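All values below come from the heavy atoms of this structure, side chains included, with hydrogens, waters and symmetry mates left out. Chain naming here is simple, since letters A, B, ... match the order of the sequence lines and numbering starts at 1 in each. Every value quoted in this text rests on a predicted model; they were computed, and no experiment measured them.
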Protein chains: 2
Amino acid sequence: MEMGTNWLNDVEMRAWRSMLSVHSQLYNQLDEELVKAHGITFAEYEVLVHTSEGPGGSVRMASLAEATLISRSGLTRRVQHLVAVGLLERRRCKEDKRGTFAVLTPLGCEKLRAAAATHVRGVREHMISKLSRVELEALADALEKVVDHNSEPG
Amino acid sequence: MEMGTNWLNDVEMRAWRSMLSVHSQLYNQLDEELVKAHGITFAEYEVLVHTSEGPGGSVRMASLAEATLISRSGLTRRVQHLVAVGLLERRRCKEDKRGTFAVLTPLGCEKLRAAAATHVRGVREHMISKLSRVELEALADALEKVVDHNSEPG
DNA sequence: GAAATTTGATTGCTATTGCAACTATCTCAT
DNA sequence: ATGAGATAGTTGCAATAGCAATCAAATTTC
């Protein structure tokens, strides 16, 4: 259908639409692989990863929400579930009694270790391996530039 | 926390994580702009776009689901909503009586035209404008390569 | 050409998400 | 100190998503 609209040009369109496609493909694929192999979703895996990156395998909820790119309420419930299945613990913060830490349990640590192998293999297989070193660096640089610009205030 | 795990190396990590970040940032930003300016979500906008690209502004449901990267059941309900607000119509397919077309209404056409301006401006502002011509082409090429590899059967 | 299989699409159900509202605690200006 | 406002986190609620089951129509098989 002809719209006479101000569409994106070819390069712009290819960049934007392929971003949506890559994200969708990889997210679904990696999620499926994790669920099949380890019984956790990609979303849950992300929580474990970012928790493990904090000191002592613990992170404040707000920080974790930001790292995992979801809302605070969404994170509350994801953590609730991970606590229920024994992969995380919650710990009150002593310096700020409003605060809560998510803490990796030994079981969570085990699970993360195992899942990371699957995840890393998936990322390499479905994305990294399709690109040359140069292409990968160009991709990382371009994407990071966009992230940085949009992260700054204003 | 030290995990001794087979993590991604620096470039791999930067490429992969920044992809997640860019997608999240842009999706949320563009969605918010469309909702504010035109009262439709980005997901709904995508349906209108891909519908308009079919002959006579009409597309079969299955094809539309694939283009908009969601499940068929998800699409059924999105289209239901867009029909309810008058932006789409449903039309039975005569050659295959199982089939259904989503068809853009005149109102939907208007809405798309208006929303496209907002959307295109957003994509340019939040992504395209942060990159040089060369960077943008490298980004598009790399992402498309990944998409193509993962789209092929096998 | 009837039966079996496949395909197109929708529906029931459940899970996940975010927004807005809420509680609790902290900070700061006066 | 105290009261106003900011911040951390959780909860109610409604919207949206996908899977599995279902129904209808087309296609294949024998």
So, A:Glu44 and A:Arg78, do they make that salt bridge, N to O below 4.0 Å?
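No.
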Name all pairs fulfilling the salt bridge (Lys or Arg N to Asp or Glu O under 4.0 Å) condition that reach into residues 26-39 of chain A, sequence neighbours left out, sorted by first residue then second.
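Applying salt bridge (Lys or Arg N to Asp or Glu O under 4.0 Å) to every pair that reaches into residues 26-39 of chain A, excluding sequence neighbours, yields A:Glu32-A:Lys36.
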Pairs meeting criterion salt bridge (Lys or Arg N to Asp or Glu O under 4.0 Å) with involvement of residues 13-29 of chain A, two or more places apart
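For residues 13-29 of chain A: A:Asp10-A:Arg14, A:Arg14-B:Asp141, A:Arg14-B:Glu144, A:Arg17-B:Glu53.
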Net bend of the helix from C:dG1-D:dC30 to C:dT30-D:dA1, end axes of five pairs each, nearest 10 degrees:
30°
Residues in salt bridge (charged side-chain N to carboxylate O under 4.0 Å, His left out) with [X], at least two apart?
{"X": "A:Arg72", "answer": "none"}
{"X": "B:Arg77", "answer": "none"}
{"X": "B:Arg133", "answer": "B:Glu137"}

Pairs involving residues 57-71 of chain A, ordered by first then second residue, that meet side chain to side chain donor-acceptor pair (under 3.5 Å) (sequence neighbours left out)
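Sorted pair list: A:Ser71-A:Ser73.
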Not counting sequence neighbours, list each pair that qualifies as a side chain to side chain donor-acceptor pair (under 3.5 Å) and has a residue in residues 107-118 of chain B.
B:His38-B:Thr118
Selection: residues 25-48 of chain A, any non-hydrogen atom under 4.0 Å of DNA chain C:
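None - not one residue of the stretch has a heavy atom sitting under 4.0 Å from the strand.
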Strictly under 4.0 angstrom, non-hydrogen atoms only: write out the protein contact profile of nucleotides 4-12 of chain D, one letter per nucleotide from the 5' end, B, S or -.
---BBSBBB
The criterion is side chain to side chain donor-acceptor pair (under 3.5 Å); which residues satisfy it with A:Asp96, sequence neighbours excluded?
A:Arg98
Using the six-membered ring wherever Trp is involved, compare the ring planes of B:His119 and A:Trp16 and label them parallel, tilted or perpendicular (cut-offs 30° and 60°).
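Tilted.
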5'-most contact on DNA chain C (nearest-nucleotide basis), A:His81 vs A:Lys94, goes to A:His81
Hey, where on DNA chain C does chain A first and last touch, going 5' to 3'? Cut-off is any atom under 4.0 Å from a heavy atom.
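Using the under 4.0 Å cut-off, the span is C:dT17 to C:dC26.
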Can you check whether A:His23 and B:Tyr27 have ring centres sitting under 6.0 Å from each other?
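Between B:Tyr27 and A:His23, which both carry aromatic rings, the centre distance is not below 6.0 Å.
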Establish, from distance only, whether the side-chain atoms of A:Thr41 and A:Glu46 form a donor-acceptor pair under 3.5 Å.
no
